[in-house]
2 protein chains.
Amino acid sequence: MSAEAKSPPDAKPRRTQAERSQETRNKVCEATLQALVEVGYEQISTTLIAQKAKVSRGALTHQFPTRNDMLVAAFEKQVSEWRDGYPFKLDPEKEQLSVDELIDALWENIFSDDRYIAAIELMLAARQDNDLGHVLRDILVSWIRKRDRIAVRLVGGDVDDAEADLKVQLHLSVLRGIAMHQSFDSDPLTAHKLIDLWKRIARQA
Amino acid sequence: MSAEAKSPPDAKPRRTQAERSQETRNKVCEATLQALVEVGYEQISTTLIAQKAKVSRGALTHQFPTRNDMLVAAFEKQVSEWRDGYPFKLDPEKEQLSVDELIDALWENIFSDDRYIAAIELMLAARQDNDLGHVLRDILVSWIRKRDRIAVRLVGGDVDDAEADLKVQLHLSVLRGIAMHQSFDSDPLTAHKLIDLWKRIARQA
DNA sequence: GCAAAAACAGGTAGATCAGTCTGTAACTTT
DNA sequence: AAAGTTACAGACTGATCTACCTGTTTTTGC
C-alpha cells in the first residue's frame, strides 16, 4: 500500500517546470515544422499540431497563446538551427573557401533542406504587412545579415565591398532558385546537375 | 408607361449568355489574382473574392462550384497570359536571341511580375499530393515544356541537347531566385543589379 | 411570344478553428 | 507540508467558411 508513492518503476521522472515547458515547446515547434513540410501552411491548425506533437491543446495554448506565437516559435527554431549549422559546422580553421566549397556548404546546410521550402512558404504567407510578416522578417534579417557577411568573408571579399556582396547575393539567388525548382520537380538529379553547372560557371568569374 | 420596355437609355445592353458567363468568370479570376498579390493565399475566401469582383456569391458559385475550381481558373488564366506574352511579344522574325535578350525577355514577361510570386504561393500551397496540386501541375507542365523548348531554340541549342536544356534551366533558376529575393527585399534596384551581374557572367559561358 | 435553359441572387447548414475559460496536476518556495 | 505558482487538460463560444439549396431574372430556341 505504501509502495506506490516512492518509486513506481514506470512513470514520473520529476522534471523541473523549465524542463516541462521546454519539452512541450520543442515538441510543438518540431510538429509545426514537420506539418509545414508534410501538409503545408494552409492545413495547419492548432488542433492538428497538438495531435501531431502528442500534446494536449491546453498545453499548446498555454505555451503559445496565439497561433502566430506558435508559428513564430517554430520559424525561430528553424532559423537558429541553420544559424548553428552554417558556417560553424565547417572546419573552423578554414579562413578561406573555394567557390565550390561555399556553394556546397550553403546547399547542404540550408537550401537542400525540405524545411527551407517550408520556411519560404511561411515567409510568403506573411509577406503582406501583417503582424506575422513583421516578426518573421525581424527574425530573418539578423540571421541573413550575419550569414551573408560570413559568406563574403569566406569567399575572400571585404565586408564593405559592394561587388563581393552582390556576388554572394547572386550565389544565394541561384541556390534559392534551384531549391524552388527542386520542390516542384520530382527528379532530384536535376538539382545537382544545375549546381555543378553553376559551379563551373562561377569558377570562371 | 409603355416607354420603359423598349429602350431605356441607361441599362441592359443585352449580352449573350456566353458573354455574361465570360465576364463574371473574368472578373472573378482577375479579383482572385489581385487578392493573391494583395492579401495572400491564406486570406482568400469565396466571399472576399465575390466582393472584390463585384459579383454576387451566387454568380461565383454558379461559375465555380468549388473554391478549387476558382483557384484553378485563376491560375490557368495567368499561365495563359504568360504563354501569350512570351515569346510571342518578341519580334517574331528573330530566330535567335542573345543571352542578354533572352534574360530580359524572361524577366520582363514572367519573373518580374508580382503575380509570379502569387503563382508560386499557389503552387507551394498545392505542392502536396492533393487535388489542387495535381491540376495545377498539369496546367504548368504543358506551358513550361513549351516555354523551355522555345528558350532552348532561341538561344541556339538543339531541342534534344541536354546541355543546352540544362543551361536554360539554370537561367530560369537564377531568375526564379532573384524574383524570390525581390519579394522579400524592398529595394527594387538589387534585382536589376543581380540580373546585370548574371548577364555578365552568362555571357562568358 | 413562350417555354426551356442558363445565369444570377442570396439564405442556410454543418464543419472547423482560434481564443477563452474553468478545473486539475505537477512543481516550487518557505 | 502547506501555500503559491506554473503547467496541463479539455470544454465552450463566437466567428467564419464552403457547399448546397431555393427562388428570380435574363437569354435562347422555336
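What's counted below: heavy atoms across the whole structure, side chains too, no hydrogens, waters or symmetry copies. In the text below, chain A, chain B and the rest are named by the order of the sequence lines, each starting its count at 1.
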**Request:** Using whole Å, report how far CD of A/Glu19 lies from C1' of D/dC8.
**Result:** 16 Å
**Request:** For A/Asp131 and C/dG19, give me the distance from atom CG to atom P, rounded to whole Å.
**Result:** 11 Å
**Item:** B/Lys27 atom NZ, over 12 foreign heavy atoms within 6.0 Å
**Value:** yes
**Distance in angstrom units between B/Leu48 CG and D/dT16 C1', rounded** = 12 Å
**Message:** Treating primed atoms plus P, OP1 and OP2 as sugar-phosphate and everything else as base, which nucleotides of nucleotides 1-8 of chain C get B, S or - for protein heavy atoms under 4.0 Å?
**Reply:** -----BBS
**Message:** Under 4.0 Å from OP1 or OP2 of D/dT18: is there any side-chain N or O of B/Thr46 that close?
**Reply:** yes
**Request:** Rounded off to whole Å, could you give me the CZ-to-C1' distance for the A/Arg67 and C/dA18 pair?
**Result:** 9 Å
**Message:** Rounding to an integer number of Å, can you tell me how far A/Glu23 CD sits from C/dA26 P?
**Reply:** 15 Å
**Asked** How close or far is atom P of D/dT18 from atom CD1 of B/Ile49, stated in whole angstroms?
**Response** 10 Å
**Request:** Provide, to the nearest angstrom, the distance between the CD atom belonging to A/Glu42 and the C1' atom belonging to D/dC17.
**Result:** 12 Å
**Asked** Quick check: are there more than 12 heavy atoms from other residues, nucleotides or ligands sitting under 6.0 Å from NE2 of B/His192?
**Response** no
**Message:** Side chains of A/Lys167 and A/Val152, heavy atoms from C-beta outward: is any pair under 4.5 Å?
**Reply:** no
**Asked** So which pairs with a foot in residues 25-50 of chain B pass ring pair (Phe, Tyr, Trp, His ring centres under 6.0 Å), sequence neighbours left out?
**Response** none
**Request:** Give the rounded distance in Å between these two atoms: CG of B/Leu60 and P of D/dC20.
**Result:** 14 Å
**Request:** Report yes if some heavy atom in the side chain of A/Val28 is under 4.5 Å from a heavy atom in the side chain of A/Ile49; otherwise report no.
**Result:** yes
**Side-chain ion pair, A/Arg115 and A/Glu30, N-O less than 4.0 Å** = yes
